Each structure stands twice: as structure tokens, then as C-alpha cells.
*Asks:* 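My structure is below; once you've seen it, I'll send some questions.
Throughout, protein chains are lettered first and strands after them, A, B, ... in sequence-line order, and every chain is numbered starting at 1. Please read all numbers here as calculations on a predicted model, not as lab measurements. Computation of the quantities below employed the complete heavy-atom set of this structure, encompassing side-chain atoms and omitting hydrogens, waters and symmetry-equivalent molecules.
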Amino acid sequence: MRRSHPLITVLAMLTVGFLYLPLVAVAVFSVNATRYGLVWRGFTLDWYIKLFHNEFILEAAWNTLALAVVSTLVATILGTVLAIGMDRFPWGRKANTFLDLVLHIPVVIPDIILAAALVVAFGLLRLISTVFEPGLFNMIIGHITFQISFVALVVRSRLVSIGRDVEEAARDLFASTPYLLRRVTIPLLLPGIVAGAMLAFTLSLDDFVISFFTAGPESVTLPLFIFAAVRRGVTPQIHALSTLVVLITVILIVGMERVTRK
Amino acid sequence: MSKLLVWYGELTTQRNLANRGLAFLGAGMLWLMIFLVLPGLVLIVVSFASRGAYGQLEWDFTIENYKRLAGFSLFGWTADYIVIVLRSVWVAFVTTLISVVLSYPLSFFICARPERTRYLWLTLVIIPFWTNMVIRTYAWFLILAPELPLAKVAAFFGLIPPDAPLYPNSFAVYLGMVSMFLPFVTLPLYASVERLDWTLVEAAQDLYASKVRVFMQAILPQTLPGLSVGIILTFVPAMGMFVVPDLLGGAKYMLVGNLIQQQFGASRDWPFGAAISMGLMVLTMISLQFYRRRSKEIEFV
């Protein structure tokens, strides 16, 4: 084990402090009794209690959850099947390069470009059907579009690490394709699928840009709500809401670590 | 015509396998085609359309939007949009540079922790990585508030009027950007630092290499794979970032992201927004090309 130079330790501590200073400030002011300004007036949990009586916030929380659950479900199924299709069949080199390219687009391009493309696409689709009015339906489609890629990439790397031996053995013992999938491939893949789904879920909860471009007046999510609120001016209630969101994120990450490290 | 072959232990034919494979690819690929590739192509087409009087699209295939982005307008040439594009590249560059400089000590520090606490430290870096960017950005409002020391010091030196917050300005944008993207560099860099072969570093020290030379010739080449992933993960999204400049930069420090958002929001000028998006796309492609060339070099070494 190497010891690090004191200077490195100091710099590292300062950097971690720099990352957490803003988050700690939000948490501190979420329990501050004063409504305006940043003077400390004593500890209170009033702002948290008020959150649960604010119907706009409850609705935003519900929208966020519905969006994340529905899009994650669809994206996990589509992404998993796509990953199996890409990895377990003898596609030519050109086809593989093309599939790989398409799969990586949402990962590498700035999300604002995908958001802009979706706005235009939904705008034209509205000429055909009114289903594509800005709102939760469009947001779900937008989220699924970037989630598929992340799920497929995670599941595919798991497929590669499983290798082909077990599946070949099953085939040698005359397993049919459905039987092979149900009893061999899917159970072996499960940790990868769960990790992919949790990644997709976190990405959906975290997303601001795609939601911001595709949302309608009725489909405000928590990040959108916080954004709109802080542009009007920050309040202790927003700090309380943000602190809760950060806490949920922490729980999700710790859970994700547990699953993936096994 | 369809030859028999053995694939994953199964005796089958090429055609059979291709049909089943397409069934697997079908749904996912169809989705990506309809909602990713097609909208992308539509965005390209729309960038050549123009805005009607009420914000509707008029299909008259001009390059007017690109000329406007390059600064040509009815009233002669202005540098406004070019300044915004160049500023975005510059902000992304500075953000990446500062993040790299801060990430090296941090990753070495985490690597030097004993096994038990190492994952704790690593999780400490992962948490901000996943925390909502709106929250992490607006949180700086508190640190930069007029009541707190940072703004007081700035006011003392006459940089801002007394009792004003230390935002919106370029300094706040850099603070927000670096705190946003730092984990994007630290995490891949850490993966490289963890695998560092210390015997090479010791050999360099034994041969009386200066500290700079030890870093440049023993540490940097070994950490290049993680470093280049970190750089690309930071530089590309930083160019298109819109939340940080919107909240911390204000109207005076606009970046490309804000410009695009403006066209799809208040201005309702989709063709111009599409053209700017294409400009950002070109910048992204250039960065990725540069990264791919570098990563090929790494493989050869």
C-alpha cells in the first residue's frame, strides 16, 4: 500500500469538499427556520412537512415516478432482447458496425441534440395524430429512446462475459430456443438485466433536458418543478425537496453498487 | 442454398439463424430507427427549411439558417453567434482542463486508501455523478449568496456591487461546470490509476528523473486510456450544457445549449434551432474523431 503525499491528500480533500459544499448547503438550509435570506434561525422540519401538503409537488413526484417506471420497464425489455439479438447471432462485420453505431448515438451525443430532434419529430407527428401533444406520453418515448442504449450496452457486456459454453452445453442436450432462453440465458443474464434496469431508472429520474423539451403543462416532473421554482427564487421548501431527491439518489446508488458488485 | 452450420452447439441453417436474429433485433432496432435515427434525419432536413410568420415550418430549402449562424444577417455581418459557439468550446475546454487537474490528486488519493475505505471514497465521487444536475447547479446560489464570504470578498474588491450575489457571471458558470463534470473525469481516471504499474514510476525515480518527467513519461502514458475516456465524457456534454449557463450565466454568458433552447422555446424558430444543433453535432463528431485516433495510438503502444 502506497502512502499519498500530504499535498495530494490536501488537494483531494478540497476537491471532495468542492463537490459536496453545494449539496451540504442545500441540506443545511432545508432545516433552517427562516423563510427569507440565509441567516440561521434554528432547526425545523416544517419545510419537509409542508412538502407533503403541496399538491403540485405531489403531482410532480407522481409524474416522475410513473415516467421512470413505465419507461424503464419498456426499455429494459427492448434493450435486453436487442442485446441478445446483437451478440448471439452471426451478423457480418458491416451489420455489426452499423448496429454498434446506432446503439452508441444516445450515449455520445449531447442530450440537447436528441431533445431537439424529438421536438421536431413530435411536431411533425402531431400533424398525423393528437397523441403527440407535449406531455407524459412524449416524455416516456423520449426516455425509452436513450434508456434502450444503456440497457443494451450493459446487458451485452454481461452476455460477452458469460461466454458461449453453457449455452452450447444446453444445445448439445437438445434444449429448444424457448427453453434455452427461459432456463439458461435469462437466469445467467439476470444480474446484467437488473443492473441495466437500475441504470435506466436512475437516468430517467435524473434526466432534465429531454423532459424539459418534451413536457407539457400537465406533466411536470420533480427536476422540472425545481428548475421552474429556482428561476422564481429559491425557498426552503425547494431545499427540502432537493435534499429528499438527493437522499433517494444515494439509496439507489448504494443499491446499484450492491447488485453489480456481486 | 442455405448451408447447414453449427452455431452455439445448435445444428441450423444460415437463413434460419438470420430470421431468428432479426426477430430479436426487430423491436429494439425499429424503436431506435423511428425515434432516434429518423428524428435525426428530420432535424437535418428542417435545418434547411425556414420559419414562417407564426413559427410554422416553410419548406423552401435554403441555407439561410447556416448563413445566419455564421453571422450573416440583413444588416451585415455580426460575430454574435460565432462568439457563442467559440465560447462554448472554450468553456468546455477549460472545464475539462480543470477537471483533469483536480482528478489526478483525487484518484491517487483514493487509490492510496486501504481496501475497506476505498469503496467509500469512490462512492463519495459516484453520488454527485448521479445527483440531479438542476439541484447541483442551483445549490451554488447558496454558496454565492451575498450573505456568505465569497460574495463579500468579491464585493470588497469592487468586483460586484455590495449586497449582490456572485452570480450570474462567467466565474459562476465555471464553478458550476467543473463541479458538474469533475466526477466524469475522476471515475475513468481512477480505473486507470488503480492499475498503475508502480515499478515504472520507481524506476524513473531511481534514474533521477525530475518530478515533471516522472509524471510525463511514467504516469501519464499509463493513465492515458482512462484520461481520454474522461476527457471525451466531459468535453462533449459540456459543449451542449444548458442548465448551468442558464441558471449561473444569465443572458450575458450564453452557450450553444441556451441558444438551441431559445429557438425551441421562446423564439419558436425550429429551423434555426436545427441548424445550431447541426453545428453542435459537427463539433461533437470532430471531438470523437480526435478521440478515436488517439485511442488507436494507445492500442499500438
*Asks:* Do A/Arg164 and B/Trp7 form a cation-pi contact, if we require the NZ or CZ to be under 6.0 Å from the six-membered ring centre and within 45 degrees of the ring's axis?
*Replies:* yes
*Asks:* Relative to chain A, which segment of B/Phe35 carries a heavy atom at a distance below 4.5 Å: side chain, backbone, both, or neither?
*Replies:* both
*Asks:* Name the region of B/Trp31, side chain, backbone, both or neither, that has any atom closer than 4.5 Å to a heavy atom of chain A.
*Replies:*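 Side chain only.
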*Asks:* Could you tell me the separation between the CZ atom of B/Arg20 and the OG1 atom of A/Thr177, rounded to the nearest 0.5 Å?
*Replies:* 3.5 Å
*Asks:* Counting only heavy atoms closer than 4.5 Å, note whether B/Val178 contacts chain A via side chain, backbone, both or neither.
*Replies:*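 For B/Val178, backbone and side chain are both near chain A.
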*Asks:* State, with a plain yes or no, whether a side-chain heavy atom of B/Leu182 is found less than 4.5 Å away from one of A/Leu19.
*Replies:*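 SC-SC contact between B/Leu182 and A/Leu19 confirmed.
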*Asks:* Could you look at B/Leu22 and say if it's the side chain, the backbone, both or neither that has a heavy atom under 4.5 Å from chain A?
*Replies:*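 The answer is both parts of B/Leu22.
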*Asks:* Considering only heavy atoms from C-beta outward, does the side chain of B/Asn132 approach that of A/Thr249 to under 4.5 Å?
*Replies:*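 They are not in side-chain contact.
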*Asks:* Is A/Leu114 in contact with chain B via its backbone, its side chain, both, or neither, using a 4.5 Å heavy-atom distance?
*Replies:* side chain
*Asks:* Taking the inter-plane angle between the rings of B/Tyr138 and A/His239 on a 0 to 90° scale, is it parallel (under 30°), tilted (30 to 60°) or perpendicular (over 60°)?
*Replies:* parallel
*Asks:* Apply ring pair (Phe, Tyr, Trp, His ring centres under 6.0 Å) to the pair B/Trp130 and A/Phe201, showing each step before the final yes or no.
*Replies:* CA-CA 11 Å; B/Trp130 282 117; A/Phe201 191 77; over 10 Å; no
*Asks:* Measuring heavy-atom distances to chain A, does B/Ile34 have an atom under 4.5 Å in its side chain, in its backbone, in both, or in neither?
*Replies:* neither
*Asks:* Just so I know, are the side chains of A/Phe213 and B/Gln261 near enough to count as touching, which here means a heavy-atom distance under 4.5 Å?
*Replies:* yes
*Asks:* Go through the atoms of B/Met239 and report whether side chain, backbone, both or neither lie under 4.5 Å from a heavy atom of chain A.
*Replies:* neither
*Asks:* Tell me, please, whether B/Tyr8 has A/Arg171 positioned over its six-membered ring: NZ or CZ under 6.0 Å from the ring centre and within 45 degrees of its axis?
*Replies:*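 Judged by the rule, A/Arg171 and B/Tyr8 form no cation-pi pair.
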